[in-house]
Structure formats: structure tokens, C-alpha cells
There are 2 protein chains.
Amino acid sequence: MSESRPRIVPEATVARLAVYLRVLAGLADGGRSSVSSGELASAAGVNPAGLRKDLSYLGPCGVRGVGYSVAGLRERLTEVLGGERSRPCVLVGIGRLGSALADYAGFASRGFEFVGLLDSDPRTVGTEVGGLPVHPAEELEAVVARTGATIGVITTPAEVAQTVCDRLVAAGVRSILNFAPVALTVPAGVDVRKVDLSVELQVLAFLDQQRDGSAPVVAALRADAREPVR
Amino acid sequence: MSESRPRIVPEATVARLAVYLRVLAGLADGGRSSVSSGELASAAGVNPAGLRKDLSYLGPCGVRGVGYSVAGLRERLTEVLGGERSRPCVLVGIGRLGSALADYAGFASRGFEFVGLLDSDPRTVGTEVGGLPVHPAEELEAVVARTGATIGVITTPAEVAQTVCDRLVAAGVRSILNFAPVALTVPAGVDVRKVDLSVELQVLAFLDQQRDGSAPVVAALRADAREPVR
DNA sequence: AACCGCTTGTGAACGCCTGAACAAAGTCGC
DNA sequence: GCGACTTTGTTCAGGCGTTCACAAGCGGTT
């Protein structure tokens, strides 16, 4: 078989590929069969050249002079991103945010299935959220073992996040999405991504203050963190 | 008066400053009066040298040989980040995610106050979420004008996000936090930050697949997007 | 009063990512 | 069948961010 090129896909590119995939889904629903890099880039909010560079990591997947096949590119992206098979996820901490995530249709439609909801509050345990029962936190290891989940989402208070993380890792979870406002420590080989909602707001407040002119400090722009100004 | 240095604070640094501020709050609660860069960096999950560089944008705020004053640094960071005065925010789209945000104690304690909740669903309008009444979407402009809100949070479905965004901007909102999975188009002078939850999960799925060894593609690491592996 | 150790602050190198310009390739029209 | 146009894929340079390493400065001690 041909030697598959040992291409390195930057993580920033992977994140954008996920965006392209969603845009493509919308185009497919609209009946489109092909797209140009310019159009796709505009819808995704990125530079056309950057988009082509991103896609080039996957090898040639467009037709010169024509553009990209919506169906073909969608299939390729799905394959690369690992979305062909449904991935079982466990969610620990069924508070308001956890409930919102458990019930978010956007996940299920993209191949993510919450197979276990866990909480330590006896009042929450036993209730149903998004059609799934909430299990007591003690069953974490059992749920992970039974479902074979490799992705864990932490929406607990900060104080217990590290403990929950350790238990998830010990149970075999290799990828963790952390909403708790703490820096988690994990062994090598485990990936953690952190989403910090209050940090996002605080950055906005900073930019707001800058504009008010009360301070002369001006923030340098980071293109990938902001919406395009077209 | 002395010429305030026209320092440019990178946006990535601003985001980390917010993290440092939270860690400092925890240290203050613990009774600590001073910290070293190494300790603070460890708690925040960053490189000590990077932390010192981040803080250096604010001018000297530590004491050599000793470390940083917890109270002093906290005050300085609060000032720089614009957290001294409470900032009014409006939240559009009171679904599960919107409700979770409206009720999130972490915001209020950091100087963010939701002064207006808006939704277009008649069944949601009139209810109370987090102690605040939900107003009909038609009142968006009126609410923004009355409250003087300059920060808007969008948790609507993707289809209406751009329309809501346009109305927010027209009403005077200058900073927007967007949870809807679309790239918003805004005029210059308006800042948008985007949080895309399913993209986060999809990146994890990609890394998961990489580890499974089914594909030889390895993602390059981006230090700022991942938790430290210590 | 001077020395020593500790910690900050900064300067420079390295690497990654982004944005633009160019060449390759395929299609449509004549 | 040939030419011209369109759009991709790639190469190159520029900017930004991170990291390492060292000098500067302060407190405590003798």
C-alpha cells in the first residue's frame, strides 16, 4: 500500500476543520453540490488561503478550476476528525451547565453520545436529563468500564474537578473537556481541553474598557480568537 | 505626569491575566499574602517565565527576591481587566445554555451583571431565571438602551444569531460573546469572541483517534489550548 | 556596611501560524 | 483540438507568541 504521508496537522487546523464540516452540513442541506474555497472560507469566517492550506493537510481533496465537492469533502473531513463512529462520552456534574450540555442536540448529531451522566448531589441522582438517568458519582468507574467511554466532560465545581479528573483517567478516559475553572494535572498521554466562560467575559470587559479610552493600553489582535470584520 | 508606556498587551496575555486573577482570589481566601511566579504559574498551568512576561506588561508589580503581593497584584489585575465597576450584560436566548449562564454565580462574583434576559419563545418570556425576568425579544433595543449594556451574550440557535447580533450592535453593544455555531459579521470597532462547544469535543475526538493508532497523522501541540502535563 | 541567595524583569532565539503571491491543473468555450 | 479562464495546491516571507537564559534588584544576615 502507498505510504501515507506522515503529515502533521496543527491543532489549530483541526479546530477549523470541525468548523468547515459544520458549514458543509449546512450547504448540503441547502442542496449545494460544490463550493469554492472563497465561499467556504467566508462562511467559516477565515481566510481563503488559510482554508486551502488547512485542507491540503488531508491531501488533495478539491478539483482545480471547479472547487470542492460538498459531499466528498464532508466525507473526508468526517473520516479525519474521527466522527464516523459514535463516540461514547461521560459527563460529570449535572448542574445547570451540565444539564445544558447533556441536552444539547448539537453533540448527538455530530457523533457524540453521552452514555453516562454522573452527579454527587442525591437530589439530582435518579432524575432524568436529556432522556438519560443521572447516576451517583460513586458509579463513575463502573459506568466508564461498562460503556467504554474514552471522552469525559467535567462540569463540576472547581474544588472536586481534579479528583473527578483523576478518577476518570484511572478508569481509562483519555480525553477530557474541562469547564471547571482550574488547571487540571494529568499524566502524559491524556488530553485536556479547557473552556473557561468567565475568562471569555473578562477579555471582553478588557476590550470594552480599552475602547472607552480610560486607559491607553491597546490589545493586540489575535485573528483566530475573533470573528472576522468583513 | 509621567508618560504611561504605550504597552501593547497581547490578547492571549489578557486571557491568562484573568486566570491569574482567579488563582489569586483563591490564595487570598487561603490567607496567603505573597506568591512567587513559580507557584502562581503552577496553579494557573503556565510557564513561570511566561507568567512574569505577562505581568511585565502591567509594569513592575512584584518585589525581587520576594515575589508578588497577593493583595497588590490582585488589585492591579482587577484594575487592568476593568473589573472594578460592574459591567451590565444582556443575554439573548434563554434555552438550556442561556439559563445555565444566567444562573452562573461565577459571573456575578467577577463584576458581570446580567441586566436583561431576552427570548423569543412565548413560553419562556415572563418566567424567571436566576432571579431575573425574561423579556420578549422585541424589547432588545429598549433593554439595551435602558440599562446601558455594552456586552451581549448570544445563546440563540444559529439561524437567528446574525440578526440578533445586528440588533445588539445597532443598539450600542460593542462586545459580544457568541455561543451560536456561526461566524458573525460585525462592523469594525465591535469585538466578538466565539465559544464553540462541539468544536471542542470534535478536537478531542480527533486526538482520541490519533492515539488509537488507526491513522498515522499526529497533531502538533498548541501549548495554550491544552492543560500542562506536569 | 557589605555580602549572599533568591526572585523578578527583560533580551534574544526559536518555532508556529497566518497572509499573500505564484505555479499547476482542470474545465469551458470556440 | 486549442486557448483562456477559473480555482486549487504550494511556496515564501512576515508577525506573533512562547521559551530559555541572564542580568538587575531587594531582603536578610553577618
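Side-chain atoms are counted along with the backbone in the values below, which use heavy atoms only and exclude waters and symmetry mates. Given the structure is predicted, the values throughout are model-derived calculations rather than measurements. By convention in this document, chain letters (A, B, ...) are assigned in the order of the sequence lines, proteins followed by strands, and residues within each chain are numbered from 1.
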Choosing from dG9(D), dT18(D), dT8(C), which nucleotide comes nearest the side chain of Arg16(B)? dT18(D)
For Glu39(A) and dT7(D), give me the distance from atom CD to atom P, rounded to whole Å. 10 Å
Tell me the interatomic distance from Arg76(B), atom CZ, to dG9(C), atom P, rounded to whole angstroms. 12 Å
Name the nucleic acid region contacted by Gly50(A), choosing base, sugar-phosphate or nothing; use a 4.0 angstrom heavy-atom cut-off, strictly under. nothing
Return each pair, listed once, that meets side-chain hydrogen bond (donor to acceptor under 3.5 Å, both in side chains) where at least one residue sits in residues 67-78 of chain A; pairs must be two or more places apart or across chains. Arg76(A)-Glu79(A)
Quick one: is Ser37(A) getting a side-chain N or O under 4.0 Å of the dT8(D) phosphate, OP1 or OP2? yes
Let me know the distance between CG of Leu73(B) and C1' of dT7(C), rounded to the nearest Å. 14 Å
Quick one: list whatever passes side chain to side chain contact (heavy atoms under 4.5 Å, CB included) with Ala170(B), sequence neighbours left out. none
Heavy-atom nearest nucleotide on DNA chain D for Asp54(B) versus Gly62(A): which residue maps closer to 5'? Gly62(A)
Using the test ring-ring contact (aromatic ring centres under 6.0 Å, His included), find all partners of Phe112(B) that sit at least two apart in sequence or belong to another chain. none
Does Arg211(B) use its side chain to pair, donor to acceptor, with the backbone of Gly189(A) at less than 3.5 Å? yes
Choosing from dT8(C), dT10(C), dT8(D), which nucleotide comes nearest the side chain of Ser36(B)? dT8(C)
Going 5' to 3' through nucleotides 21-30 of chain D, assign each nucleotide B (protein heavy atom under 4.0 Å from a base atom), S (under 4.0 Å only from sugar-phosphate atoms) or - (no protein heavy atom that close). B--BBBS---
Leu51(B) CG to dT18(D) C1', straight-line distance once rounded to whole Å: 13 Å
Could you check whether any side-chain N or O of Thr150(B) sits under 3.5 Å from a backbone N or O of Pro88(B), counting only pairs where one atom can act as donor and the other as acceptor? no
Whole angstrom value for the distance that separates P of dT18(C) from NZ of Lys53(A): 10 Å
Listed by chain and number, what are the ring-ring contact (aromatic ring centres under 6.0 Å, His included) partners of Tyr104(B), not counting sequence neighbours? Phe107(B)
Any Tyr68(B) side-chain N or O less than 4.0 Å from OP1/OP2 of dG9(C): yes
Between P on dG9(C) and CG on Asn47(B), what's the gap in Å once rounded to a whole number? 15 Å
Whole-Å distance, Tyr57(A) OH to dT10(D) P, equals 11 Å
Can you name the residues that form a salt bridge (Lys or Arg N to Asp or Glu O under 4.0 Å) with Arg64(A), not counting sequence neighbours? none
To the nearest Å, give me how far apart CD (Glu11(B)) and C1' (dC17(C)) are. 16 Å
